[in-house]
Amino acid sequence: MLLDWVIAVGCVAACFVGGWLFVSSSLLQNYDDKETGVQILWSFTFAFSCNLLLLVVFEILDVIDSSLRSWDWHITVWVLLLLLVGVLPWYHCYRTFASSGEQPGGAGVLVLRWS
């Protein structure tokens, strides 16, 4: 059972690191202003998207315990929903208002009032 947890958490961590390396070396290579928040959110979205693909492979190959797989499916889907429906649009609006000349604290309040 411990090996199953190591495989499940290790796959997400490896995909996160792979996504971080890709976004910092390829996508943001020509930008002077490398936003850490953008890199973190992109890497989390990439990691959990890859985790969905890995869970399909684990289901076919019956690699990890079925109860852990089911729990991992639920967590992955809910995290992706939270990221794609809540966090990413909010952060996009925050960055838009912050770059328009608003004060850093004021942009967060504007986004909360706007949504």
Side-chain angles (χ1 to χ4, degrees):
M1 186 70 172
L2 180 64
L3 181 62
D4 293 342
W5 277 95
V6 170
I7 291 171
V9 173
C11 286
V12 173
C15 289
F16 179 84
V17 170
W20 181 276
L21 292 174
F22 174 74
V23 77
S24 63
S25 68
S26 295
L27 294 180
L28 296 178
Q29 180 179 355
N30 298 325
Y31 292 103
D32 293 333
D33 185 24
K34 294 184 179 181
E35 280 291 321
T36 309
V38 172
Q39 289 178 313
I40 290 172
L41 288 175
W42 197 93
S43 298
F44 268 122
T45 306
F46 179 76
F48 282 101
S49 298
C50 287
N51 196 35
L52 282 178
L53 177 64
L54 288 172
L55 283 170
V56 169
V57 171
F58 291 163
E59 188 81 32
I60 292 169
L61 299 176
D62 197 28
V63 173
I64 57 178
D65 185 45
S66 63
S67 62
L68 178 62
R69 237 184 0 248
S70 174
W71 181 82
D72 201 2
W73 272 105
H74 285 95
I75 295 298
T76 301
V77 168
W78 280 106
V79 167
L80 275 175
L81 278 173
L82 180 69
L83 276 170
L84 296 175
V85 175
V87 175
L88 291 175
W90 183 87
Y91 190 73
H92 179 73
C93 291
Y94 174 78
R95 293 295 304 153
T96 301
F97 286 131
S99 67
S100 69
E102 289 293 324
Q103 296 175 358
V109 172
L110 264 174
V111 170
L112 287 175
R113 265 195 241 155
W114 186 60
S115 56

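Small disclaimer: the values here were computed from a predicted structure and weren't measured.
- With hydrogens and angles disregarded, no donor-acceptor distance shorter than 3.5 Å links the side chain of S26 to the backbone of V23.
- Atom CD1 of I75 sits about 11.5 Å away from atom CG of L55, to the nearest 0.5 Å.
- Taking CD1 from I7 and CG from D65, the interatomic distance works out to 11.0 Å, rounded to the nearest 0.5 Å.
- Transitive grouping of hydrophobic side chains (ILVMFWY, heavy atoms separated by less than 4.5 Å) keeps V17 and V6 in distinct clusters.
- The shortest heavy-atom contact between C11 and L54 is CB-CD1, 3.6 Å.
- In terms of heavy-atom proximity, L80 sits nearest to S49 at CD2-OG, 3.9 Å.
- Linking Ile, Leu, Val, Met, Phe, Trp and Tyr residues whenever their side-chain heavy atoms come within less than 4.5 Å leaves L21 and I40 in two separate clusters.
- Residues L83 and L53 fall into different hydrophobic clusters, defined by Ile, Leu, Val, Met, Phe, Trp and Tyr side chains chained together at heavy-atom separations under 4.5 Å.
- Of the possible donor and acceptor atoms, none in the side chain of S70 sits under 3.5 Å from a partner among the backbone N and O of S66.
- Put simply, CH2 on W42 and CZ on F16 are 11.0 Å apart, with the number rounded to the nearest 0.5 Å.
- One finds the CG atom of L41 at 5.5 Å from the CG atom of L88 (value rounded to the nearest 0.5 Å).
- Atom CG of L82 is separated from atom CG of L84 by 9.0 Å, given to the nearest 0.5 angstrom.
- Across every non-hydrogen atom of C50 and C15, the tightest pair is CB-SG, 3.4 Å.
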Q: Take R69 and D62 through the salt bridge (Lys or Arg N to Asp or Glu O under 4.0 Å) test and state the conclusion after the steps.
A: CA-CA 9 Å; R69 237 184 0 248; D62 197 28; 3.2 Å; yes

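- A distance of 11.0 Å separates CG of L81 from OG1 of T76, quoted to the nearest 0.5 Å.
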